[in-house]
Amino acid sequence: MVKTIEWAGGKVMMLDQSRLPLEVRYIECDSYLTVCEGIKKLWIRGAPAIGIAASMGVALGAQEITAGSYDDFLGKLEPVFGALLATRPTAVNIRWAVERLRAFLERNRQESVLRLKELLIAEAKEILEEDIRINRAIGEWGAQFIRDGDTVLTHCNAGSLATGGYGTATAPMLVAREQGRKFDVIADETRPVLQGARLTAWELMQEGIPVTLITDNTAGALMKKGEIDLAIVGTDRTALNGDVANKIGTYTVAVLCKEHGIPFYVAAPLSSIDFSIPSGDLIPIEERGPEEVTHIFGTCRIAPEGVKVRNPAFDVTPARYVRAIITEKGAFRPGDIRELSRPGPDLSRLRIIREP
Ligand code: MRU
């Protein structure tokens, strides 16, 4: 499995995904500002991966602080939290990471500033390790949906590169393969940044999983011919009513799936669910720069100079299009997400599939 991000020698090493698959190079971040730049410029991307990057960014930022007390330390960390939160708005995982670290610091407020700095590094590393364990669990639940001989469609990249490892949408594929099932994957290229072509196709090929690349426009035609059995995608933020924000074009795939009677699944850690937001209409959608649409790789112009461009990076798929949300705790109907937010939910009643 490719390493997306790691803490090494007091620095954050991140794989520069903006250059893949042409170049495999790691960027060494020795300041939280470089981590922020990496998130904004998509050196690292994918909801869980940017949550991990944010936690490592906080740990890095903390090392730069000189403070005489807990309150002084926390006050000086505020601009670090703020800068990371301002990088990308749609994925809830950055906010989740910042809130987790705030609560962690509060629980350890009796410790010295020196010790708090060490503890933040350990907690950021734990967030990475935990993400890998969670994705593995998503894979074990989700593998049950992939049958021998199936063809699975995926959109964007919700693979290892988008997480600490295993991916969310790809985890069920990796586990189904381990369990001996043979299936094919179709990757939408995912305009405009081509995460499907550059990242998903690349990492599935590295894993030896048969993958076919298609343009985004092709999915409907293949569904009509009966060539796709199910779709699995990731999410950047899922609302309490089960509406799912994910890479632009996901809504189109979901509507096409509905039309053709193809189950559409979303694979996500519980940390991608925003229990504070009642509906997907309230999810902030990032608008990115026009050059992603007018240029390829930022250098080769493919549209006339001066043309008006819209470039929303995400869309929201209403819950009614989603067959199930596959989490580390089981697969649930989107309409039952609200139940999960209540204290002590009866998971065995809510799960739509048996324990792996
Ligand atoms: O703009 P990106 O590449 O960060 O968008 C990524 C996606 O939309 C993924 O599907 C999502 O973050 C889930 S990753 C497990």
Side-chain angles (χ1 to χ4, degrees), residues 1-6 46-52 55 91-93 96-97 100 123-147 150 152 154 156-181 183 185 200 203-204 207 209 230-238 242 244 246 263-275 322-334 336-356:
M1 245 177 337
V2 217
K3 255 201 183 114
T4 310
I5 186 164
E6 69 176 327
I50 60 179
I52 297 164
S55 65
V92 71
N93 306 62
W96 172 87
R100 171 165 164 162
E123 186 67 359
K125 287 184 180 169
E126 171 54 22
I127 287 175
L128 168 62
E129 292 308 317
E130 194 182 280
D131 184 66
I132 300 172
R133 291 195 295 273
I134 284 172
N135 296 333
R136 173 78 209 179
I138 291 174
E140 274 159 18
W141 287 104
Q144 301 182 53
F145 295 115
I146 304 179
R147 297 157 310 176
D150 272 351
V152 188
T154 191
C156 192
N157 173 265
S160 280
L161 289 164
T163 64
Y166 282 107
T168 61
T170 54
M173 303 174 196
L174 295 172
V175 174
R177 197 257 310 259
E178 267 174 40
Q179 292 172 348
R181 292 197 285 295
F183 55 89
V185 178
T200 304
E203 67 168 83
L204 290 179
E207 286 294 340
I209 292 185
L230 69 156
I232 314 181
V233 301
T235 176
D236 287 81
R237 188 186 305 223
T238 288
V244 170
N246 192 47
F264 175 87
Y265 299 105
V266 174
L270 289 169
S271 58
S272 293
I273 299 177
D274 185 347
F275 291 106
V322 180
R323 177 71 62 89
I325 299 180
I326 309 163
T327 74
E328 67 272 32
K329 299 269 188 234
F332 304 100
R333 291 205 171 73
D336 285 338
I337 291 297
R338 194 180 300 273
E339 293 285 315
L340 296 180
S341 69
R342 305 215 160 101
D346 181 356
L347 295 180
S348 55
R349 184 179 62 81
L350 297 172
R351 283 184 189 124
I352 63 163
I353 41 171
R354 60 178 199 286
E355 295 261 355

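Note that the coordinates shown come from a computational prediction; the quantities given were computed from them, not determined experimentally.
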Flag side-chain contact, heavy atom, 4.5 Å: [X] against [Y]:
X    : Y    : answer
P48  : S271 : no
W141 : V175 : no
E203 : N157 : yes
I132 : Y166 : yes
T154 : T170 : no
N93  : I52  : no
V92  : D236 : no

With a sphere of 6.0 Å drawn around CZ of R354, does it hold more than 12 non-hydrogen atoms of other residues, nucleotides or ligands?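 No, the 6.0 Å shell around CZ holds no more than 12 heavy atoms from other groups.
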
More than 12 foreign heavy atoms under 6.0 Å from CZ of R147: is that the case here?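 Atom CZ in R147 is not packed in, count stays at 12 or less.
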
Could you tell me whether a side-chain N or O of [X] sits under 3.5 Å from a main-chain N or O of [Y], the two making a donor and an acceptor?
X    : Y    : value
R177 : E207 : yes
D131 : T163 : no
W96  : G51  : no
T327 : A268 : no

Derivation of the side chain to side chain contact (heavy atoms under 4.5 Å, CB included) call for L340 and F275: CA-CA 9 Å; L340 296 180; F275 291 106; 4.2 Å; yes

Any chance you could lay out the side chain to side chain contact (heavy atoms under 4.5 Å, CB included) test for V266 and I326, step after step, and finish with the verdict? CA-CA 6 Å; V266 174; I326 309 163; over 6 Å; no

Going from [atom1] on [X] to [atom2] on [Y], what distance comes out if it is rounded to the nearest 0.5 angstrom?
X    : Y    : atom1 : atom2 : result
L350 : F332 : CG    : CZ    : 6.5 Å
T4   : I50  : OG1   : CD1   : 12.5 Å
T168 : E328 : OG1   : CD    : 11.0 Å
I138 : I232 : CD1   : CD1   : 11.0 Å
D274 : R237 : CG    : CZ    : 5.0 Å
L161 : I5   : CG    : CD1   : 12.0 Å

Which is it for F264 and R323 under the side chain to side chain contact (heavy atoms under 4.5 Å, CB included) test, yes or no, and what are the steps along the way? CA-CA 5 Å; F264 175 87; R323 177 71 62 89; 5.5 Å; no

E130 and salt bridge (Lys or Arg N to Asp or Glu O under 4.0 Å): which single residue from R100, K125, R136 fits?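 Exactly one option meets the salt bridge (Lys or Arg N to Asp or Glu O under 4.0 Å) with E130, and it is R100.
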
So among V322, I325, I352, which one has a side-chain contact (heavy atoms from CB on, under 4.5 Å) with R333?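 When V322, I325, I352 are each tested with R333, the side-chain contact (heavy atoms from CB on, under 4.5 Å) holds only for I352.
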
If you apply the rule side chain to side chain contact (heavy atoms under 4.5 Å, CB included), what do you find for C156 with V233, and how did you get there? CA-CA 8 Å; C156 192; V233 301; over 6 Å; no

Minimum heavy-atom distance A176-A143, with the two atoms named: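 Taking A176 first and A143 second, the nearest heavy atoms are N-CB, 3.7 Å.
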
